[in-house]
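The structure appears right after this line, and notes come after that.
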Protein chains: 2
Amino acid sequence: MEHPVGDPAFEDVTARARIRDAAIRLFAEHGIDGTTVRDITQAAGVSPGLLRHHFGSKEALREACDLHVLNRLVKIKEELVLEGKVASPGFLPAVHPTILLSYKYVTRALLDGSPSAAAMFDDMVVLTEQWISKNAPDVTEDYRAYAAVLVGMQSGILAMHDHVSRALGVDIFTTDGHLRMAGALADFYSHSLLDPEFVAKARGAMEPLRAPNPPTAAGTDPGAEGA
Amino acid sequence: MEHPVGDPAFEDVTARARIRDAAIRLFAEHGIDGTTVRDITQAAGVSPGLLRHHFGSKEALREACDLHVLNRLVKIKEELVLEGKVASPGFLPAVHPTILLSYKYVTRALLDGSPSAAAMFDDMVVLTEQWISKNAPDVTEDYRAYAAVLVGMQSGILAMHDHVSRALGVDIFTTDGHLRMAGALADFYSHSLLDPEFVAKARGAMEPLRAPNPPTAAGTDPGAEGA
DNA sequence: AGCGGTACTATACGCGTGTATAGCCAGCTG
DNA sequence: CAGCTGGCTATACACGCGTATAGTACCGCT
């Protein structure tokens with residue numbers, strides 16, 4: 001393309017970059033379907049036609065945003081890992097506050113079915129699986145499920161940001177809110193919540209229900225609603 | 001007009017109930033905005049005008065669906081609690097498979113901003129907070145955040161069902177898939193994943209980055225004494 | 001100066017959406 | 001039977017959407 005992507009100072013003034021950044025912000029906030037091209041172009045201060053001129057379509061713009069955010073994320077993470085500045089990923093936003101928007105965007109992208117975000121999710125599952133088998137091999141016998149659950153919860157709690165923020169009284173996509181959430185998350189990771197014996201007992205009791213035929217439509221639809 | 005096949009007892013239910021049930025299924029699958037009234041009425045085998053006749057508007061239909069699902073959920077839970085059939089909520093779908101659709105619906109409702117679902121979320125946070133302070137008072141110093149995180153993760157992992165299911169190779173909204181996920185979840189709840197000392201150290205290192213005003217909820221700011 | 005191309009705007013088209021309206025038909029009631 | 005009520009359909013309206021197209025201003029090049 002005509003635009004040198006490597007020069008951030010130049011790109012930031014470009015209308016193309018303004019459209020992309022506005023789209024990232026609006027997509028992160030309201031999702032793909034909840035954002036119109038007119039919303040984006042108005043936020044960027046340009047006409048709707050220019051979006052098509054630069055990106056071709058809304059879907060192509062979305063892919064461009066996906067790539068931009070994902071690249072920014074890996075760049076920041078690489079940079080911080082190299083500098084050894086951060087001890088735990090949960091506290092990362094304290095060092096790099098701008099990453100919160102990227103988190104929000106990726107979370108929405110996961111919900112909106114973005115292939116790029118899904119690929120990132122899969123990568124994180126694999127990485128987590130490897131980490132568990134190496135660093136905490138005794139926590140489970142099902143590494144795959146454990147890793148999937150772990151990554152799913154990590155991203156899922158961000159998907160529930162509205163409700164978690166309401167319960168906390170502070171937006172978890174601000175530095176303060178995110179830190180408070182990360183603190184509870186750290187407690188969660190470092191302390192056992194349930195008694196292993198109790199869990200094992202419950203699991204054993206429920207096991208016979210798995211293999212045999214589950215109850216059919218016998219208990220279906222208790223509310224026939226004749227009103 | 002031809003009826004969609006595969007739906008048992010299709011004729012037995014009133015058109016109003018068919019519309020509601022079709023809406024619940026489609027809302028759970030594609031969300032509110034991803035479902036058109038024509039989709040619903042076609043799935044219910046009626047004309048679009050009938051939806052308006054019975055429910056007034058799409059929004060009113062959504063509220064009716066919210067109430068119906070939520071009532072069904074509390075009814076099932078009460079029933080099972082009374083019968084003492086279930087040891088852990090995670091294994092509940094093994095006993096009552098039809099609850100999985102309700103789970104899926106409520107999860108989507110949370111993402112779509114349903115007030116009823118949000119109220120349910122808040123209730124669960126309060127209940128969880130009370131449970132923690134009574135049954136596991138030592139896992140954290142910030143009960144509120146811990147409870148919010150717990151409920152947020154529980155619902156959030158369901159919000160990420162597409163990705164978790166893909167990682168597991170099985171749909172977590174089937175009985176088998178849900179049981180596998182619940183198993184990993186049980187492991188997660190009953191074993192400590194991180195070393196508490198390491199977490200405390202990381203928390204202390206990050207503490208100076210926090211903004212001047214610490215949260216003022218239950219108890220003192222966790223890790224405030226860290227260096 | 002003249003030319004070509006690119007950034008950008010104004011405007012419109014086609015479509016799908018939620019919603020509104022008019023009318024049909026069965027069943028009950030007098 | 002006549003008349004009315006309510007479940008139900010067919011059709012249309014107004015609007016917002018993504019997208020397409022025609023046209024304009026500006027900049028570098030020869």
Side-chain angles (χ1 to χ4, degrees), chain A residues 1-5 7-27 29-66 108-109 112-114 224-227, chain B residues 1-4 7 9-27 29-66 108-109 112-114:
Chain A
M1 205 44 175
E2 305 75 23
H3 285 299
V5 196
D7 196 355
F10 175 72
E11 280 238 340
D12 285 348
V13 208
T14 302
R16 180 188 159 91
R18 285 209 315 275
I19 294 174
R20 176 185 23 76
D21 290 345
I24 288 173
R25 187 165 42 86
L26 290 172
F27 285 165
E29 194 68 35
H30 307 109
I32 304 291
D33 296 337
T35 305
T36 71
V37 303
R38 286 169 177 82
D39 289 341
I40 299 170
T41 54
Q42 186 173 350
V46 298
S47 79
L50 193 59
L51 191 149
R52 171 171 163 77
H53 174 68
H54 278 306
F55 296 94
S57 72
K58 187 187 183 185
E59 177 61 24
L61 169 63
R62 189 182 74 105
E63 292 175 11
C65 292
D66 283 2
R108 275 316 276 251
D112 287 341
S114 152
E225 176 165 323
Chain B
M1 189 162 299
E2 69 275 43
H3 289 169
D7 203 355
F10 187 88
E11 307 282 352
D12 297 345
V13 204
T14 66
R16 182 187 157 89
R18 285 209 314 275
I19 293 174
R20 175 185 23 76
D21 290 345
I24 288 174
R25 187 164 42 86
L26 290 172
F27 285 165
E29 194 68 35
H30 307 109
I32 305 291
D33 295 337
T35 305
T36 71
V37 302
R38 288 168 177 81
D39 289 341
I40 298 170
T41 52
Q42 186 172 353
V46 298
S47 79
L50 192 60
L51 190 151
R52 172 171 163 77
H53 175 69
H54 277 305
F55 294 95
S57 72
K58 187 187 182 183
E59 178 62 23
L61 169 62
R62 189 183 75 105
E63 291 175 12
C65 291
D66 283 3
R108 276 313 279 250
D112 288 340
S114 152

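Proteins get letters first, then strands, A, B, ... in listed order; numbering begins at 1 in each. Since the structure is predicted, the reported quantities are computational estimates derived from the model, not experimental observations.
Computed from coordinates, the A:Ile40 CD1 to D:dC17 P distance equals 11 Å when rounded to whole Å. Regarding A:Lys58, its NZ atom lies at a distance of 16 Å from the P atom of D:dG16, rounded to whole Å. Residue A:Ile32 contributes atom CD1, which lies 11 Å from atom P of D:dG18 at whole-angstrom precision. D:dA20 atom C1' lies 18 Å from atom CD of A:Glu59, rounded to whole Å. Here the C1' atom of nucleotide C:dG18 and the CD1 atom of B:Ile19 are 15 Å apart, to the nearest Å. In this structure, A:Phe55 atom CZ and C:dT6 atom C1' are separated by 16 Å, rounded to whole Å. Taking atom CG of A:Leu26 as the reference point, atom C1' of D:dC17 lies 16 Å away to the nearest angstrom. The distance between atom CG of A:Leu61 and atom P of D:dT19, rounded to the nearest whole Å, is 10 Å.
Comparing C:dC8, C:dG18, D:dT9 by their closest approach to the side chain of B:Thr36 singles out C:dG18. Checked against C:dT19, D:dT9, C:dC8, the side chain of B:Ser47 finds its nearest nucleotide in D:dT9. Taking the side chain of B:Ser57 as heavy atoms from C-beta on, and the options C:dA7, D:dT9, C:dT19, the nearest nucleotide is C:dT19. Residue B:Val37 places its side chain closer to C:dG18 than to any other of C:dA7, C:dG18, D:dC17. The side chain of B:Arg52 lies closest to C:dA20 when the candidates are D:dT19, C:dA20, D:dG18. For B:Leu50, taking side-chain heavy atoms from C-beta onward, the closest of the listed nucleotides C:dA7, D:dT9, C:dT19 is D:dT9.
Side-chain atoms of A:Arg38 and base atoms of D:dG18 include a donor and an acceptor less than 3.5 Å apart.
Taking both residues in full, the closest heavy atoms of A:Arg62 and A:Phe27 are given as CA-CE1, 4.0 Å, listed atom of the first, atom of the second, then distance. In terms of heavy atoms, A:Gly31 sits closest to A:Asp112 at CA-OD2, 3.5 Å.
Backbone-only engagement by A:Thr35 is indicated by non-hydrogen atom pairs under 4.0 Å involving sugar-phosphate atoms exclusively.
In terms of position along DNA chain D, the nucleotide closest to A:Asp39 lies nearer the 5' end than the nucleotide closest to the other residue of the pair A:Asp39 and A:Gly49.
With hydrogens and angles ignored, the 3.5 Å screen pairs a side-chain donor or acceptor of A:Arg108 with a backbone N or O of A:His30.
B:His54 has a side-chain polar atom (N or O) that falls below the 4.0 Å cut-off from OP1 or OP2 of D:dC8. For C:dC8, neither phosphate oxygen OP1 nor OP2 lies less than 4.0 angstrom from any side-chain nitrogen or oxygen of A:His53.
Distance CD1/A:Ile40 to CZ/A:Arg25: 10.5 Å, rounded to 0.5 Å.
Side-chain contact check for A:Glu63 versus A:Glu59: some heavy-atom pair is nearer than 4.5 Å.
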